[in-house]
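Side-chain atoms are counted along with the backbone in the values below, which use heavy atoms only and exclude waters and symmetry mates. Remember, predicted model here, so these are calculated numbers, not experimental data.
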Number of protein chains: 2
Amino acid sequence: MTILRSPRTPSGATDRGIPDATVARLPVYLRALTSLADQGVASCSSHELSVAAGVNPAKLRKDLSYLGSYGTRGVGYEVEYLGYQIAREIGQTQDWEVVIVGVGNLGAALSNYQGFSTRGIRVAALVDADEKRIGQEIAGIKVSALADLPQIIDERKISIGIIATPAEAAQQVTDLLVAAGVTSILNFAPAIVHVPEGVDVRKVDLSIELQILAYHEQRKSVAPTTIQTAVSL
Amino acid sequence: MTILRSPRTPSGATDRGIPDATVARLPVYLRALTSLADQGVASCSSHELSVAAGVNPAKLRKDLSYLGSYGTRGVGYEVEYLGYQIAREIGQTQDWEVVIVGVGNLGAALSNYQGFSTRGIRVAALVDADEKRIGQEIAGIKVSALADLPQIIDERKISIGIIATPAEAAQQVTDLLVAAGVTSILNFAPAIVHVPEGVDVRKVDLSIELQILAYHEQRKSVAPTTIQTAVSL
DNA sequence: CCTTGTGAAGCTGTTCACAGCC
DNA sequence: GGCTGTGAACAGCTTCACAAGG
């Protein structure tokens, strides 16, 4: 016996809800709308918004169509209203408390990062394995011991954890977070971590981003020759 | 007159070369291979490597097939040999010098990041607009003035720039980098930057990663109810 | 008119399943 | 026998182009 997932609804979304690619862009649209609102713009077309968000206007409209019909044909979108609808959809009407594990250079920078608070993200706790760091204050938060992690997560009902440890510690920290009840992890450590079903992991890998750019750089320096060869045939 | 792109070559790659999705995973495979080599493993199957890299084995084999046939049927892959082939393909046999613009918390953390050097990335220069930071040493590198950016890029033949400034400065810094000859940019500022054709931009947005996780968290907490409702009808 | 919302087409990426080869 | 390499099927994402509607 197998549970079948309906392949795709008539609108194009699957029964999992909004497509992943769209979810990843909604925060970008929200930021663009907030910026427009700050400039005193009350309404805008899909074209204007798409320029601010750096996407194709058709893609923007398709993305917004998954949320509902919040525009007016012939006119455009009301900036504040659309912003509220997106914020509601992505859960930004509430605050999300996160714990950062590992307060080395990167962890400390994340703790001090100003961009989180306006996006509904609050760094609620800092944890480290290093004795020398425990008890220190970073961004006004006292660093706790790794052993206190379960209690912190339980008391503060934290469901999102950030891993900013060395690669060697990443899997162990992941297991601790998951055991304590965390169901979403943002992993900055350059290591693949394995999690049980139901837990989401996103990975940000600084070296890999640069390696991808380096690949394209390499191609740029050899490509002209290739094209010339093709043309001269 | 229009230049037509061949839709798909027999192998599945387009005439642009290796698919983007594959390029993004090659550094992950390389890291997994390096790790295996450090453990003294001389050869491995696509299955073993796929576990280490956190992907499906069929996907791994398909990805590797774009590079050539570097495995042995019935046996697997020689770790060191395959590692070298991937390194060559992604340009990691040479060092890439990068400039970091903005040495606040994040820029400083990136400057000190240990993971770059082993991946062929060398932080060659640091630049900031703030008078108070110019002349300071971070990770053994003196911070230069923004005005010196063109000279630094020209002298050191830098083609990759990292933006770690506040959002407001991102577009201006981008324009400076591009004017000075940079053709690849890694943007950590929470802003969309526009670049001329031929320049690659990758964006790492810390808030957005967490917002995406928050969206899925929100769904996790409401999904069971939805299912129950559906069932009880 | 204008711009949204959306079927449909086209493209990219993933997975399957098996032929090919050691 | 076992594992790689790969065509083919499938799924998801993007883009087009136009109907719908202010």
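- Relative to the side chain of Ala21(B), the nucleotides dG13(C), dT4(D), dG5(D) differ in distance, and dG13(C) lies closest.
- Side-chain rings of Tyr84(A) and Tyr81(A) stay apart, their centers remaining 6.0 Å or farther from each other.
- Remark: Tyr66(B) is not in phosphate contact with dG13(C), judged by side-chain N or O atoms under 4.0 Å from OP1 or OP2.
- Closest contact between the side chain of Arg61(A) and the listed nucleotides dT6(C), dT6(D), dT14(C) involves dT6(C).
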Test log, rule side-chain hydrogen bond (donor to acceptor under 3.5 Å, both in side chains), inputs Ser43(B) and Glu78(B)
CA-CA 4 Å; Ser43(B) 99; Glu78(B) 210 191 304; over 6 Å; no

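- Taking 4.5 Å as the limit, every side-chain heavy atom of Asn56(B) sits out of range of all side-chain heavy atoms of Ser50(B).
- Atom CG of Asn56(B) is separated from atom P of dG13(C) by 16 Å (rounded to the nearest Å).
- Asp63(B) places its CG atom 10 Å from the C1' atom of dG13(C), with the value rounded to the nearest Å.
- Look at CD on Glu78(A): it is 17 Å from P on dT3(C), rounded to the nearest Å.
- If you look at Tyr70(A) and Tyr77(A), their ring centroids are not closer than 6.0 Å.
- Atom C1' of nucleotide dT4(D) and atom CD of Gln85(B) are separated by 16 Å, given to the nearest angstrom.
- The side chain of Lys59(B) sits closest to dT14(C) out of dT4(D), dT14(C), dT14(D).
- Proximity of Ser46(B) to the phosphate of dT4(D): a side-chain N or O atom is located under 4.0 Å from OP1 or OP2.
- Atom NZ in Lys62(A) sits roughly 11 Å away from atom P in dA8(C) (whole-Å rounding).
- Here the side chain of Asp20(B) is nearest to one of dG13(C), dG5(C), dC13(D), namely dG13(C).
- In this structure, the CG atom of Leu67(A) is 15 Å from the P atom of dT4(C), given to the nearest Å.
- Between Gly71(B) and Thr72(A), the residue anchored nearer the 5' end of DNA chain D, judged by the nucleotide with its closest heavy atom, is Gly71(B).
- What separates OH of Tyr77(B) from P of dC22(C) is a distance of 15 Å, to the nearest Å.
- Here the P atom of nucleotide dT4(D) and the CZ atom of Arg73(B) are 10 Å apart, to the nearest Å.
- At least one side-chain heavy atom of Ile153(A) sits less than 4.5 Å from a side-chain heavy atom of Leu177(A).
- The Ser45(B) side chain lies nearest to dT4(D) when the options are dC16(D), dT4(C), dT4(D).
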